[in-house]
Amino acid sequence: MSDKTNDQNPELKAGQFRALTEAEIASLPGQPGNPGRRGFMKMGALAGLAGVGGTLLTGCGRGATGDQPVAGKAPAAAATSMPEGHPTEVAPGHLDEYYGFWSGGQSGELRILGLPSMRELIRVPIFNPSFAIGWGITNESKRVLGKDFPPGGDLHHPHMSQTNGRYDGRYLFVNDKTGTRVARVRCDVMRADKIIDIPNVADIHGMRVQREPRTGYVFANSEFRVPSPNDGRDLDDPKKYQTMFTAIDGDTMEVSWQVIVDGNLDNTDCDYEGKYVASTCYNSEEAVDLAGMMQNERDWAVVFNIKRIEAAVKAGKFKTIGKSKVPVVDGRHGSPLTMYIPIPKSPHGLNASPDGKYFVANGKLSPTCSVVAWSKVDDYFDGKLKDPRDAVIAEPQLGLGPLHTSFDGRGYAYTTLFIDSQMAKWNIQDAIDAYAGKKVNYLRQKLDVAYQPGHCHTSLGETRDADGKWLVSLNKFSKDRFLPVGPLHPDCDQLIDISGDQMVLVADTPVFSEPHDAVIVPRQLMAGKIKRIWDRKDPFFAETVAQAKKHGVVLEKDSKVIREGKKVFVYMTSSAPKYGLDSFKVKKGDEVTVVVTNVDDIEDLTHGFCLSNYGINMEISPQETSSVTFIADKPGVYWYYCTFFCHALHLEMRGRMLVEA
Ligand code: CUK
Ligand code: CUA
């Protein structure tokens, strides 16, 4: 199916799009009188007929705004002369308007995209080693990763720190499902500076940050139930398995407290007042096989009362488990610390609306989303609401497989339908009215996406600043959308314009496995926050600087070798196109630490240090110090050379390590 490609629209070059006509929009699924999916598939033919009469979608009423003198959008005139094959509206040399911080899934990395071009700008390795920059190889990165770091991670959820419900550009926090870890990334240099193991639990999945008054807490769900402590006891006695909700102090990256729950936790989000955080909770059956996990018609959204939990911890009403000192409170059914709201069926995503009034739990195995009012949660904890189910104030029926919901700040919600391969746009107030018995149609549009969407995310949609401009659909399958590249297909992330009444698909982007979630942040918000060269006083390599100081070495100018028994420290500068040392000599079996300081202070003038046949490469960006420690176990001549093309004489930028037998 290639209904939306330009095969049928020969007037347009590959990658060019034009705006839908009124008639085409009316034919979209979800529109009154629409002919359904089949009709949508016919749209390609329709588009062919319409020919070049329509405006290019690249213009899309979003051309030059006049208030963006610095690049941003290409002027409307330039939009018609977009480079061939470029699926975007950002012309060469122009900058994107938004940063997209993208999960890398089982790649273990964070990715930074530009929107609306959907261009991948850079990858930030976090749980995954990266030979390109030396993550997992350098001493500096190993200090963050810890001693015996696993070979990778499964990063699902990136979220930026907030202050008063708005992104503040300090940190990004990410989870590692397989390694039961949470990492913090500094937004100024886009490097992880803390990675912590979460004790007592397994598989950190859903993760969000406290919005009010600031982050504050980072909340993490552990999904799989295991014995606790998980030390070989109670192996095949699932009744003794449990899981917990974890709150981390985002400033110190220490675990503040944990709450034992029933079921297993999936996704999580918090309110805009700093009072509550809620998690979807499936497998209320507490089974360990597929059939068993799908028995109940309803599972839960669990709401955690932050103040009460803090008070319980303060009053000493907690236990600790095994060697961990983390206070653990009991939040299972009947606890005054939690509220279990029945939600159909095995709910997955949980998303708080930017007006601060509601959260939406996405039904997954039910065609519904459940809208819960935070005010009713207040009522429940105040004793005014007896049945937690009465906190549900709407349950719109949207389609098959609702997984995640995003908001535009104008009262609309956008929900991914995994099984239907569609995005549903619906009106929250209408859904509430319909639940109350009024005859209203809350559904506004269904847009086919390709294919099987997981998360969706709107620009600024998880903050008070939700601007209703862009929506991304992070699709798990791409099938026929791209050139075949072997049995493993890329995923397909699609950009959707939501600035008008109708969602309009504007770009397909192939992505490597497997983005789950993303956040979209305007570039103005990051202006001045991102460094372009390192600060010599940066804490990332401060320990290496301190070690050099002990050796009496001034990193910015000294290049010398210092021997301490079998330990050899090789200090050298790098300045295009030369290392401070043309060669150094060690003995077989020495523990060698090479410390390279890039004294160039020109933006983008990065050097590399690659040591042949020793499996070593590292990046040294302007004003950075990077170091690596290894055993010189192979005698002979080994060249080290620069891996970042830095100068016309880059290939000559090298030297020799001489290892005596
Ligand atoms: S989860 Cu993957 S599609 Cu890990 Cu946020 Cu829903
Ligand atoms: Cu330094 Cu290439």
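Small disclaimer: the values here were computed from a predicted structure and weren't measured. Note: hydrogens, waters and symmetry copies are ignored here, and every other heavy atom, side chains too, is used. Indexing begins at 1, ligand by ligand and atom by atom, following the structure's order.
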Practice problem: Look at the N, O or S atoms of T606, main chain and side chain alike, and state whether any lies under 2.8 Å from atom 1 (Cu) of ligand 2. | Solution: no
Self-check item: Within 6.0 Å of CD1 in I122, more than 12 heavy atoms from elsewhere
Solution: no
Quiz prompt | Lys NZ or Arg CZ of K425 over Y414 ring: under 6.0 Å, within 45° | solution = no
Quiz prompt | Proximity to ligand 1 by part of H404, non-hydrogen separation under 4.0 Å | solution = side chain
Quiz item: Does any N, O or S atom of H205, backbone or side chain, fall under 2.8 Å from atom 5 (Cu) of ligand 1?
Solution: no
Self-check item: Shortest protein heavy-atom distance from atom 3 (S) of ligand 1, along with the residue and atom involved
Solution: K476 NZ, 3.5 Å
Quiz item: Got E624 and E619 here, is their nearest side-chain heavy-atom distance under 4.5 Å?
Solution: yes
Quiz item: Should E462 and R208 count as an ion pair when the cut-off is N to O under 4.0 Å?
Solution: yes
Quiz item: Out of the N/O/S atoms in H455, what is the name of the one closest to atom 5 (Cu) of ligand 1?
Solution: NE2
Quiz prompt | Cationic N near anionic O, under 4.0 Å, R481 to D508 | solution = yes
Quiz item: Counting each atom of ligand 1 from 1 as listed, which ones have a heavy atom of H348 under 4.0 Å away?
Solution: 1 (S), 3 (S), 6 (Cu)
Exercise. Name whichever N, O or S atom of H516 ends up nearest to atom 2 (Cu) of ligand 1.
Key: ND1
Quiz item: Where does N267 meet ligand 1, judged by heavy-atom distances below 4.0 Å: at the side chain, the backbone, both, or neither?
Solution: side chain
Quiz prompt | Single hit among D465, D271, D269 for salt bridge (charged side-chain N to carboxylate O under 4.0 Å, His left out) with R211 | solution = D269
Quiz item: Quick one: does NZ or CZ of K476 land under 6.0 Å from the six-membered ring centre of Y451, within 45 degrees of the ring axis?
Solution: no
Quiz item: What angle, to the nearest 10°, do the atoms SG (C646) and SD (M653) form about atom 1 (Cu) of ligand 2?
Solution: 110°
Self-check item: atom 1 (Cu) of ligand 2 to nearest N/O/S of H607 below 2.8 Å
Solution: yes
